[in-house]
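For reference, the structure is listed below as structure tokens.
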Amino acid sequence: MTLLGDAAHLMPPLGAGANLAMLDGAELAESLASGPADPDEAVRAFEERMWERAGTWAKITTAGLERLVSPDPAEALAQFDRVQPS
């Protein structure tokens, strides 16, 4: 069994989880559709790539969340306005 997307890598809700879920599913499907000699090895290889990618995005989204959430609500709002202008 392998897990994909949000089930496999928990991260802040900044949109990366859903995008990773779609990428994970497509990449795993391509790996298996190519008819590997050893499907278990294909899944393991996919999982190694997935974990590396997910780790990178977990760091990026955690940093983004820390910038947007502050003990000072005015600073958090100002930062959000800088990142997401209206």
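Quick caveat: nothing in here was measured; it's all calculated off a predicted structure. We count residues from 1, following the sequence as given.
- To the nearest 0.5 Å, atom CE of residue Met50 and atom OG of residue Ser31 are 11.5 Å apart.
- When all heavy atoms are compared, the tightest approach of Leu32 to Pro39 is CD2-O, 4.1 Å.
- Minimum heavy-atom separation, Thr61 to Ala16: CG2-CB, 3.7 Å.
- Under the rule for a side chain to side chain contact (heavy atoms under 4.5 Å, CB included), the partners of Thr62 that lie at least two apart in sequence or sit in another chain are Pro12, Glu66.
- With sequence neighbours left out, Arg53 forms a salt bridge (Lys or Arg N to Asp or Glu O under 4.0 Å) with Asp24, Glu27.
- Taking the charged nitrogens against the carboxylate oxygens, Glu41 and Arg44 do have a contact shorter than 4.0 Å, which makes a salt bridge.
- The hydrophobic clustering, which links ILVMFWY residues whose side-chain heavy atoms are closer than 4.5 Å, places Trp51 and Leu23 apart.
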